[in-house]
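To keep things clear, I will list the structure first and then write my remarks on it.
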Amino acid sequence: MSRLALSETAAGRPQPAAMIELLKPITWFAPMWAFGCGVISSGVPLEGKWPVILAGVVLAGPLVCGTSQIANDWFDRHVDAINEPDRPIPSGRVPGRIPLYYALVWTALSLAVASLLGPWVLGAAVFGLALAWAYSAPPLRLKEEGWRGCAAVALCYEGLAWFTGAAVMAAALPDWRILVVAALYSLGAHGIMTLNDFKAVEGDRRMGIRSLPVSLGVATAAKVACLVMALPQVMVIALLAAWGRPVFAAAVFLLLAAQALLMVRLLKDPKAHAPWYNATGTTLYVIGMMVSAFALVPLVAVPS
């Protein structure tokens with residue numbers, strides 16, 4: 001075989017490193033952390049549960065989140081050619097329709113693992129995967145409108161993952177207080193997802209994607225994101241206090257106060273400071289999630 005033929009053959013094969021890159025492992029942290037919050041908040045002892053916990057972590061991160069990332073890269077390949085031309089698909093490192101087949105296989109694998117963890121987990125996985133595809137794929141393509149797109153991602157990354165962790169442990173529908181707190185943190189994550197859109201404003205505008213920074217303007221979108229992140233935490237603080245968990249409520253309040261100080265700098269130059277805030281303020285946000293999870297432990301055992 002000639003060198004040219006060898007080169008063409010190699011060019012038609014996906015690079016293993018690029019296949020891993022399509023999964024975007026760095027994005028797994030959010031759903032895996034939320035899953036851990038669900039596990040803790042369930043109040044169920046961890047002994048004897050480690051196999052299902054491990055399976056749930058893999059489901060929340062590498063599988064469901066990974067599926068969403070592959071699908072997003074496939075349907076966003078034209079946008080990425082503008083914003084991130086070095087991504088695996090526009091760069092040709094994962095050629096042809098391989099990424100689409102990859103996403104389909106990962107979807108099937110996610111459902112297979114979820115089916116082993118019980119009907120509530122399977123139902124959550126089906127819903128999460130449906131949102132993941134609807135976010136990126138036509139005709140719905142939720143990401144083309146900022147409010148619904150960020151809501152879909154926030155729900156998958158936080159609320160559904162938290163629900164899954166609690167459902168895995170309880171093998172049943174989680175306590176209503178767990179559902180309320182998970183929903184509030186999922187709502188707040190909408191603001192975090194908005195901040196993530198600042199890095200792609202130019203490409204989104206050119207491709208007609210109406211992210212909040214595009215439709216509202218960067219300054220207004222940043223203010224909305226801060227408000228959306230803060231208000232659900234205020235509600236969590238009020239609920240924890242009402243439920244007789246004042247120490248935990250105070251801890252979440254202090255974390256929110258620190259976030260507010262960081263928001264002052266964010267709002268001075270939202271586009272430049274969004275990555276910095278995601279490394280600082282968002283960290284405080286997710287710490288508050290875990291604090292709230294521990295606060296719920298003694299409550300869920302109390303009859304409603």
Minimal heavy-atom distance between Met19 and Val94, with the atoms involved, is SD-CG1, 3.8 Å
Do the side chains of Trp33 and Leu184 join up, straight or via other hydrophobic residues, at under 4.5 Å, putting them in one cluster? yes
Is the count of non-hydrogen atoms from other residues, nucleotides or ligands lying under 6.0 Å from Lys49 atom NZ greater than 12? yes
Could you grab the distance from atom CD of Gln69 to atom OG of Ser136, nearest 0.5 Å is fine? 8.5 Å
Checking side-chain contact (heavy atoms from CB on, under 4.5 Å) for the pair Ile237/Leu256: CA distance, chi angles, key distance, verdict? CA-CA 10 Å; Ile237 293 166; Leu256 176 57; 4.0 Å; yes
Evaluate whether atom CE of Met235 has more than 12 neighbouring non-hydrogen atoms of other residues, nucleotides or ligands under 6.0 angstrom away. no
Using the rule that Ile, Leu, Val, Met, Phe, Trp and Tyr join whenever any side-chain heavy atoms are under 4.5 Å apart, tell me whether Val44 and Val300 fall into a single cluster. no
Ser292 vs Val252, test: side-chain contact (heavy atoms from CB on, under 4.5 Å). Steps then yes/no. CA-CA 8 Å; Ser292 300; Val252 177; 3.7 Å; yes
Smallest heavy-atom separation, Ser68 atom then Ala132 atom, equals CB-CB, 3.6 Å
Inter-residue atom distance Leu129.CG - Cys65.SG, 0.5 Å rounding: 11.0 Å
Inter- and intrachain pairs under side-chain hydrogen bond (donor to acceptor under 3.5 Å, both in side chains), touching residues 257-269, at least two apart: Gln233-Gln259
In terms of heavy-atom contacts, does CH2 of Trp133 have more than 12 from other residues, nucleotides or ligands at under 6.0 Å? yes
Contact check, side chains of Leu266 and Cys226, non-hydrogen atoms, under 4.5 Å: yes
What pair of heavy atoms forms the shortest contact from Ala295 to Leu240, and how long is it? CB-CD2, 3.8 Å
Any side-chain to backbone donor/acceptor pair from Thr283 onto Ala279? Under 3.5 Å, distance only. yes
State plainly whether one hydrophobic cluster holds both Val57 and Ile20, where clusters connect Ile, Leu, Val, Met, Phe, Trp and Tyr through side-chain heavy atoms under 4.5 angstrom apart. no
Other members of the hydrophobic cluster containing Val224, with the 4.5 Å side-chain heavy-atom rule, please. Trp147, Leu212, Leu216, Val228
Audit row: Ser41, Val181, side-chain contact (heavy atoms from CB on, under 4.5 Å) steps and yes/no: CA-CA 10 Å; Ser41 67; Val181 172; over 6 Å; no
Other residues, nucleotides, ligands: >12 heavy atoms within 6.0 Å of Arg205 CZ: yes
Is there a continuous path of hydrophobic side-chain contacts, each under 4.5 Å between heavy atoms, that joins Leu227 to Ile192? no
side-chain contact (heavy atoms from CB on, under 4.5 Å) between Lys223 and Thr220, intermediate numbers included: CA-CA 5 Å; Lys223 293 175 184 176; Thr220 301; 5.6 Å; no
As an exercise, state the distance from CG of Asp204 to NZ of Lys143, rounded to the nearest 0.5 Å. 6.5 Å
With sequence neighbours left out, the residues meeting ring-ring contact (aromatic ring centres under 6.0 Å, His included) with Tyr101 are none
Heavy atoms of other groups near Phe29 CZ, more than 12 under 6.0 Å: yes
With distance as the sole test, does Tyr135 use its side chain to make a donor-acceptor pair with the main-chain N or O of Ala71 at under 3.5 Å? no
Is the shortest heavy-atom distance from the side chain of Arg141 to the side chain of Ile209 under 4.5 Å? yes
Closest non-hydrogen contact found for Asp197 with Ser211 is OD2-CB, 3.8 Å
Specify the closest pair of heavy atoms between Trp106 and Leu63, including all atoms of both residues, with the distance to one decimal. CD1-O, 3.4 Å
Nearest atoms (heavy-atom pairs only) where Gly96 meets Trp74: O-CZ3, 3.3 Å
Nearest 0.5 Å please: distance from the CG atom of Leu262 over to the NE2 atom of His273. 11.5 Å
Distance in Å, Leu111 CG paired with Leu116 CG, rounded so as to fall on 0.5 Å steps: 11.0 Å
Is there side-chain contact between Met289 and Val236, with at least one heavy-atom pair below 4.5 Å? no
Drop me the distance from Thr67's OG1 to Tyr102's OH, to the nearest 0.5 angstrom. 9.0 Å
May I ask you to decide whether Arg87 forms a salt bridge with Asp76, counting only side-chain N to carboxylate O separations under 4.0 Å? no
Is the shortest heavy-atom distance from the side chain of Leu122 to the side chain of Leu117 under 4.5 Å? no
Check whether Trp243 reaches the backbone of Leu296 with its side chain - one donor and one acceptor, N or O, closer than 3.5 Å. no
Same cluster for Phe253 and Val286 if Ile/Leu/Val/Met/Phe/Trp/Tyr side chains link at under 4.5 Å? yes
Taking Ser186 for the side chain and Ala154 for the main chain, is one N or O donor matched with an acceptor at less than 3.5 Å? yes
Classify the ring geometry between Tyr185 and Trp162 as parallel (under 30°), tilted (30 to 60°) or perpendicular (over 60°). parallel
